[in-house]
Amino acid sequence: MGSHRRLVQTSGFNRGAGAALCVLSAAAAALGAVPAVAAPSDDTRAEVDRLYEEAEHATEAYNKADERADSLREEVGTAQDGIARQQERINSMREALGSLAVAQYRSGGLDPSLALLFSDDPDEYLDKAAVLDRISAHQAGELKDLQEAMRELAQERSEAARKLDELEKSRKAVASHKRTVERKLARARELLNSLPSDERAAYDRASRSGRFEMPDLSGAVAPSGRAAAAVSAVQSAIGMPYVWGANGPTGFDCSGLMQWSYAQAGVALPRTSQAQRYAGRQVPLSQAMPGDLVTYRGDASHVGMYVGNGQVVHAPYPGAPVRYDPVGMMPGATVTRP
């Protein structure tokens, strides 16, 4: 596919933005997707391509920050539960030590030698005294346990505070990446809207054009049952809309589609395309098999699933629903077998 098509296709986002995919200009005719149409100016095309690519980078950064925020929320919740349990334990220990101290005071308020002298039953007193000694030793142990529990509680509170601070930073990162995506998409829409109406309409048709029908995949056999299940799932998503930051079931961005498809096969993939590149064994492109993940560009900012016979299924960009495309649609393909 042409270079402009490759760049735009990888980005994805808001439905109106995808209508202008320069990505489809020269390549569309070669693939038989739509008739060749006049392209916008080179400057406009290059700027739209750049904005879509940068928006996709920001989307993957958003996905990573959002995933981290979700993880931190769970960690903070677990830490807070632990703090509550530890506080209950400390309260119980304090109550037990308080009762023990009162009992010792009442039993030991008289000097031991005088208590023995005035005792009606010296043997009974000596038995009680031995018990009190054991109680004192036990109390010392309980006090040590209490001190240790309080140290642990202080550490847990410090760790929880650190996680809460990290969570706040992650939330801010999510919001920042979201603003970046929306800003770049808005600028892309402005450029697309500046095109003559016939060119906008042509690109809108191109972005929604076919490649939803299953190509010839005869002889393509997945290397495992889970890979076959993932291929079946990704094919079931054909025609569903691209929605940035989404991982199904009614909309997807590129990495979200891969994560959802493998989840249907019982396999947990990371959220971002960069992490998905390393979520398995690397194999040469020439040895790609159905179910393999194919990441693109040096920074792995786009990903699709190989389904056989030189085809991938992926979520391209806004306005271009999940579809089939040739595996060589973009540069820098790297193949990973989960």
Side-chain angles (χ1 to χ4, degrees), residues 1-12 23 26-27 30-33 49 52-53 56-57 59-60 63-64 211 213-238 247 252-317 320 322-338:
M1 301 183 79
S3 62
H4 294 298
R5 172 178 176 74
R6 290 195 298 267
L7 290 176
V8 176
Q9 179 162 332
T10 63
S11 53
V23 85
L31 292 173
D49 285 349
Y52 270 98
E53 182 175 348
E56 185 159 45
H57 295 171
T59 295
E60 290 305 300
N63 290 337
K64 182 177 181 180
R211 295 199 293 288
E213 295 299 322
M214 182 182 295
D216 179 16
L217 300 178
S218 57
V221 179
S224 67
R226 67 182 190 178
V231 169
S232 178
V234 82
Q235 289 176 324
S236 75
I238 296 291
N247 60 350
F252 305 91
D253 61 20
C254 66
S255 57
L257 176 62
M258 300 302 102
Q259 186 184 51
W260 177 85
S261 297
Y262 260 99
Q264 309 317 298
V267 178
L269 287 184
R271 179 62 181 91
T272 67
S273 58
Q274 289 88 352
Q276 289 172 3
R277 169 183 274 181
Y278 301 104
R281 179 167 61 91
Q282 305 270 300
V283 298
L285 179 59
S286 60
Q287 297 177 20
M289 300 181 72
D292 289 350
L293 304 178
V294 184
T295 53
Y296 295 94
R297 302 197 192 101
D299 62 356
S301 55
H302 190 74
V303 62
M305 185 183 297
Y306 189 74
V307 292
N309 292 359
Q311 298 291 310
V312 295
V313 173
H314 68 139
Y317 50 84
V322 176
R323 69 189 188 194
Y324 296 96
D325 266 319
V327 69
M329 61 182 173
M330 299 176 214
T334 300
V335 181
T336 301
R337 185 162 299 156

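Worth saying up front: this structure is predicted, and the values here are computed from it rather than measured.
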Whether Ser236 side chain and Ala233 backbone form a donor-acceptor pair below 3.5 Å: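 Checking the backbone N and O of Ala233 against the side chain of Ser236, a donor-acceptor pair under 3.5 Å is found.
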Any donor-acceptor N/O pair, Gln276 side chain to Ser255 backbone, under 3.5 Å: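 Present.
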Rounded to the nearest 0.5 Å, how far does [atom2] of [Y] lie from [atom1] of [X]?
X: Leu269; Y: Thr336; atom1: CG; atom2: OG1; value: 10.0 Å
X: Met330; Y: Asp325; atom1: CE; atom2: CG; value: 7.5 Å
X: His314; Y: Met329; atom1: NE2; atom2: CE; value: 4.0 Å
X: Gln264; Y: Gln259; atom1: CD; atom2: CD; value: 10.5 Å
X: Arg226; Y: Tyr262; atom1: CZ; atom2: OH; value: 7.0 Å

Pairs flagged by salt bridge (Lys or Arg N to Asp or Glu O under 4.0 Å) wherever residues 271-291 is involved - sequence neighbours left out: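 For residues 271-291, and leaving out neighbouring residues, the salt bridge (Lys or Arg N to Asp or Glu O under 4.0 Å) pairs sorted by first residue read Asp253-Arg271.
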Partner set under side chain to side chain donor-acceptor pair (under 3.5 Å) for Asn309, not counting sequence neighbours: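 Partners of Asn309 under the side chain to side chain donor-acceptor pair (under 3.5 Å) test: none.
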Any residue meeting side chain to side chain donor-acceptor pair (under 3.5 Å) with Arg337, in chain and number order, not counting sequence neighbours: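 Testing Arg337 for side chain to side chain donor-acceptor pair (under 3.5 Å), a comparison that skips the adjacent residues, returns Asp292.
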Taking all non-hydrogen atoms of both residues, which atom of [X] and which atom of [Y] are closest, and how far apart?
X: Cys254; Y: Ala315; answer: CB-O, 3.8 Å
X: Pro326; Y: Gln311; answer: N-OE1, 4.0 Å
X: Tyr306; Y: Ala288; answer: CE2-O, 3.5 Å
X: Val307; Y: Ala220; answer: O-CB, 3.8 Å
X: Pro290; Y: Pro223; answer: O-CD, 3.2 Å

Worked check of side chain to side chain contact (heavy atoms under 4.5 Å, CB included) between Gln235 and Leu217: CA-CA 12 Å; Gln235 289 176 324; Leu217 300 178; 3.4 Å; yes
Validation row: Val234, Met258 side chains within 4.5 angstrom (heavy atoms):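 Sidechains of Met258 and Val234: in contact.
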Test log, rule side chain to side chain contact (heavy atoms under 4.5 Å, CB included), inputs Thr334 and Gln282: CA-CA 8 Å; Thr334 300; Gln282 305 270 300; 3.0 Å; yes
Aromatic ring pairing Tyr296/His302, orientation class (parallel under 30°, perpendicular over 60°, tilted between):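 Tilted, since the angle between the ring planes falls between 30° and 60°.
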Working for side chain to side chain contact (heavy atoms under 4.5 Å, CB included), residues Phe252 and Val322: CA-CA 8 Å; Phe252 305 91; Val322 176; 4.2 Å; yes
Distance-only polar pair, side chains of Ser273 and Glu60, donor-acceptor under 3.5 Å: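 The criterion, which ignores hydrogens and geometry beyond distance, is satisfied for Glu60 and Ser273.
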